[in-house]
Structure formats: structure tokens, C-alpha cells
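All remarks here apply to the structure that follows.
Note that the numbering runs from 1 along the sequence shown for the chain.
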Amino acid sequence: MCRSMFSDHCTDEESKKILAGLCYDYNNKAVTGDLCEDLCVTEKLMYKHCLHYQQGKKVLQADWQGTSIILKSKNDAFFKFQTPVFLDESDAQPLPDAELLMMVAVEIKNTLGLDLPNITLLPLWPERKYSQDWKIELASMWSLYQQEEYLLFNLLQDFSRHVLRVVGTCGHFYGVEFLSAGHSWKQHFFPMEEVVGQCKTGEEKMNAILDIAISFLNMVHQFDNEFSHRLHLCDIKPENFAIRSDLTVVAIDMDMAFFEPKMQNILEQKCTSDKDCNFFDCFSTCDLKTFMCGAQRANSNLQVICDKIFRRWFTLSFMGSIYPFPLQDELHGAVQKCAESTNIEASFSDLYSLLQASQRELHRGNK
């Protein structure tokens, strides 16, 4: 019942039709991918249920040889994606790798707003087979290159533990590892009994929450500082994150994540007030002389995480109900300040120090 309430009217019947259409395309040599055979022929990859349809995007859960994975696509059907024009030519010949890499770079710039060197594109580049099916391979790849989230996961998975791992593709669908998402209506947000089931005492649970909060801060620091451009998260809510068994925070929905160049293009719009410059969780300000929103984001990933996630965790009543500790008043105040301050460096430093000091207090109290 809960799944149907929060799944944007997705149904098993429609989801199975979507996958049947994908397999029809595979069997008729319109698409390919390393998951296609298991999905469409050997049935080692079996549909379980739909999670949600949101603004056209399909998110389905499947079982792959005993392991749960998620299948995602921006559209339900392959034909809804654009293909390179030259593929329509009946006598088209395989292009040299250098030329294809240039085309891929242009497509990725259109999608992500980034200029990427060839060495960065290599994780996206499957081994060329130079077979008669090269057109099918390229068309399938092209449908994936038009999906921002696929590109982000694929580009970042070797550099960050805070994004989902891509496990394979079939046509326009990509498979990612399965992790249990958070829930806004739960006090803890995340299924703590699954993540930290070994925690039996209030002290252990509080320490786990502090670990998860520190992982959120590590993610923020990496997204802000460790890539060639800052990565902005414009839809921050528990449902878009999950927690690994080692308490690492993972962004599992990055449809509203943008690197700095594209973020600036999105924000720089006409306006009559600051309200016109709000793009979900990413805010700018309106210049009333030019009636244009500023290209620079006015708030930050950290500020929104403090506001929409940490505020609930670090209330005095909630912390006290789990396991009271000496620094909880200071931690509560630091979170409130972080949610309202645009001084990222100071807020980050204060919070990180307090979270670590709180863990030391808990550890000392256990001796």
C-alpha cells in the first residue's frame, strides 16, 4: 500500500510492458547492452516491482542472480531518444575512435554543460567491437548519454563513494546497485534498523547518527571541492539518499544535480523578485536593475542539508530521547546556525569539529 501511495501511479502491468518493449527492441537488433541477454533471454535478470514514475522517468526494482538492482531510464521507450543523424544513412561506415570521442564530448557538453578531455570520457566508452552491430551499440550508447544521471554516476563512480555504482545497461535503461532510500515521514529518515541493526543501545544508535552526519559532510566537501567544477544538489530530501552498511551516505537520485557551468545557465533567468530565482533547493537573487537572476548560487549544499536533514536529527528532544550527551546543546545550535548561514567554511568547520567531539564524549562515557 505504501509503495502505491508514493510511486506516481506506476503499476506492475505497465512496467512489464515497458521491459517487454525493451526486449522486443533487443530481439529485433535495435538496442544492445551487457544486461540485455540476462533480461530478455536467460531471464537471470527478473523484474520485481516498480518503485516510481516521476516526470517520465521509470525506476524499477529487479533481481539479478539473487542480488537486487535498480533499472532506470529517463523515458519508457528507446525511440523517444535522439540518435546521431549519420546512423540513418544506409551506407554509414564505422567512425574512427577519435571522431566518435569528439561526438561523445559534444553530446556530454549538451547534457551536462561540461567540456571533458578524452581521458575523462574513457569510463563511458565501452570496448569497441568493430562488428556489424556497431550502429546498434552506438545508438544504445547515445540514448544513455542523453541522461544526466547516468553520466554523473558513470563519471563519478571511480572517484566517489557517495554515488551509486552502475552495474550494466540495456538499450536506454541502466542498472545501478540497490540501496534502501530514506523516508521523510520517519523520525530517523533512514531505515536505521537495516543500516545499523547491530546497534542495541541508545549510545550506539547516537554514535551511528553522528557517523552518518559526518559522512554527509564528507560528501558535501567532495562535491564542493574535489571535482573540476562544484556539483550542486538541487533536490535534497531523504528519499534521494541512502546509507551503506559502513554508514557512508550515497546520493541515489541525481536528476537535479548540476555542475557549476550548467547551474549558472539554469539560474541566470529573467526575474522581478528573488522568488523567481529559486530553482528547487538552489537559490539565486534578483538584480532589480537588470531584472535578471544572478548566475551564482546564493545558498549551498551544506546549508540545505542542515535545514532539511540535520534540523530533524539534532533537536534537543530527539537527541535526548536516544542518548543524552554533554555537547548536544552546542550541536543543536551549530545546526540551526548552519541552516541559516551562507558562510560555508565556518559552518562546515564548526559542525565537523562538534560531531567529532560528540563522538569522543560518547566514547569516553562508555569507559
Side-chain angles (χ1 to χ4, degrees), residues 18-19 22 25-26 31-40 44-48 50-52 54 57-76 78 81 101 104-105 107-108 111-112 114 116 118-129 136-181 219 222-223 226-227 231 233 235 240-246 248-259:
I18 290 171
L19 293 182
L22 176 62
D25 287 339
Y26 173 67
V31 303
T32 190
D34 49 7
L35 294 180
C36 290
E37 190 76 6
D38 284 351
L39 176 66
C40 304
K44 294 178 182 177
L45 176 56
M46 298 287 293
Y47 168 83
K48 289 180 70 176
C50 60
L51 295 180
H52 68 76
Q54 189 171 13
K57 184 177 180 180
K58 313 304 177 188
V59 182
L60 316 174
Q61 186 172 344
D63 182 272
W64 190 27
Q65 302 183 78
T67 300
S68 289
I69 67 169
I70 302 299
L71 297 174
K72 294 187 172 192
S73 179
K74 192 175 181 178
N75 292 317
D76 58 348
F78 180 70
F81 292 92
L101 280 171
V104 170
E107 187 64 26
I108 290 175
T111 304
L112 295 183
L114 290 181
L116 297 177
N118 284 357
I119 191 169
T120 309
L121 298 176
L122 292 179
L124 297 168
W125 195 250
E127 184 180 348
R128 295 291 307 286
K129 296 175 182 167
I136 305 171
E137 295 170 8
L138 186 57
S140 297
M141 287 161 46
W142 226 251
S143 69
L144 296 168
Y145 293 165
Q146 293 167 57
Q147 301 184 61
E148 295 92 335
E149 186 181 68
Y150 169 79
L151 289 175
L152 287 171
F153 286 156
N154 221 321
L155 287 169
L156 300 180
Q157 64 182 352
D158 291 335
F159 304 99
S160 176
R161 298 192 68 251
H162 299 290
V163 299
L164 287 176
R165 295 189 301 271
V166 176
V167 299
T169 67
C170 180
H172 56 296
F173 270 86
Y174 53 100
V176 295
E177 61 179 319
F178 171 79
L179 294 172
S180 295
M219 180 189 71
Q222 183 177 57
F223 288 4
E226 295 185 12
F227 305 139
L231 182 60
L233 304 178
D235 189 14
N240 289 344
F241 297 96
I243 311 295
R244 297 191 193 278
S245 58
D246 65 356
T248 298
V249 172
V250 181
I252 62 172
D253 188 329
M254 299 187 76
D255 285 322
M256 299 292 287
F258 308 99
F259 284 110

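- Counting only heavy atoms from C-beta outward, the side chains of Leu233 and Phe241 approach each other to under 4.5 Å.
- The two residues Leu179 and Ala242 make their nearest non-hydrogen contact at CB-CB, 3.6 Å.
- Qualifying ring-ring contact (aromatic ring centres under 6.0 Å, His included) partners for Phe81, counting only residues two or more places apart in sequence or in other chains: His172.
- With a 4.5 Å cut-off on side-chain heavy atoms, Tyr145 and Val104 count as touching.
- Residues forming a salt bridge (Lys or Arg N to Asp or Glu O under 4.0 Å) with Glu148 (at least two apart in sequence, or on another chain): Lys74, Lys262.
- In this structure, the side chains of Asp34 and Thr169 come closer than 4.5 Å at one or more pairs of heavy atoms.
- Distance alone, capped at 3.5 Å, places no donor-acceptor pair between the Thr32 side chain and the Ile136 backbone.
- Distance check: Leu71 CG to Ile18 CD1 gives 11.0 Å after rounding to the nearest 0.5 Å.
- Taking the side-chain hydrogen bond (donor to acceptor under 3.5 Å, both in side chains) definition, one finds that Asp235 meets it with Asn240, sequence neighbours left out.
- In this structure the side chain of Asn154 never reaches within 4.5 angstrom of the side chain of Leu144, judged on heavy atoms.
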Inset, instruction - Would you sort out whether Cys170 and Cys40 count as a disulfide (SG to SG under 2.5 Å), showing the intermediate values? - result: CA-CA 10 Å; Cys170 180; Cys40 304; 4.8 Å; no
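- Scanning for side chain to side chain contact (heavy atoms under 4.5 Å, CB included) contacts around Gln61 gives Lys48, His49, Leu51, Ser68, Ile70, Phe178, with sequence neighbours left out.
- In terms of heavy atoms, Ile252 sits closest to Ala181 at CD1-CB, 3.5 Å.
- Proximity of Trp142 to Glu107: side-chain heavy atoms (C-beta onward) are separated by under 4.5 Å at one or more points.
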Legend entry - Working for side chain to side chain contact (heavy atoms under 4.5 Å, CB included), residues Phe153 and Met254: CA-CA 8 Å; Phe153 286 156; Met254 299 187 76; 3.4 Å; yes
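- Between Lys58 atom NZ and Asn75 atom CG the span is 8.0 Å, to the nearest 0.5 Å.
- Atom CG of Leu22 sits about 5.5 Å away from atom SG of Cys36, to the nearest 0.5 Å.
- Panel note: side chain Ser143, backbone Phe78; no donor-acceptor pair is recorded below 3.5 Å.
- Interatomic distance, CZ of Phe173 versus CG of Leu39, reported as 9.0 Å (0.5 Å rounding).
- Between the CG atom of Leu152 and the CZ atom of Phe227 there is a distance of 9.5 Å, given to the nearest 0.5 Å.
- The two residues Gly168 and Leu35 come nearest to each other via the heavy atoms C-CD1, 3.5 Å.
- Partners of Asp255 according to the side-chain hydrogen bond (donor to acceptor under 3.5 Å, both in side chains) rule, which considers only residues two or more places apart in sequence or in another chain, are Lys57.
- Rounded to the nearest 0.5 angstrom, Leu151 CG and Leu114 CG are separated by 9.5 Å.
- In this structure the side chain of Leu45 reaches within 4.5 angstrom of the side chain of Ile69, judged on heavy atoms.
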Name the atoms and distances for all side-chain donor-acceptor pairs under 3.5 Å in residues 160-167, with sequence neighbours left out.
from, atom 1, to, atom 2, distance (Å)
Ser160, OG, His162, N, 3.0
Ser160, OG, Gln222, OE1, 2.5
Arg161, NH1, Asp246, OD2, 3.3
Arg161, NH1, Thr248, OG1, 2.7
Arg161, NH2, Asp246, OD2, 2.7
His162, ND1, Val249, O, 2.7
Arg165, NH2, Glu177, OE1, 3.0

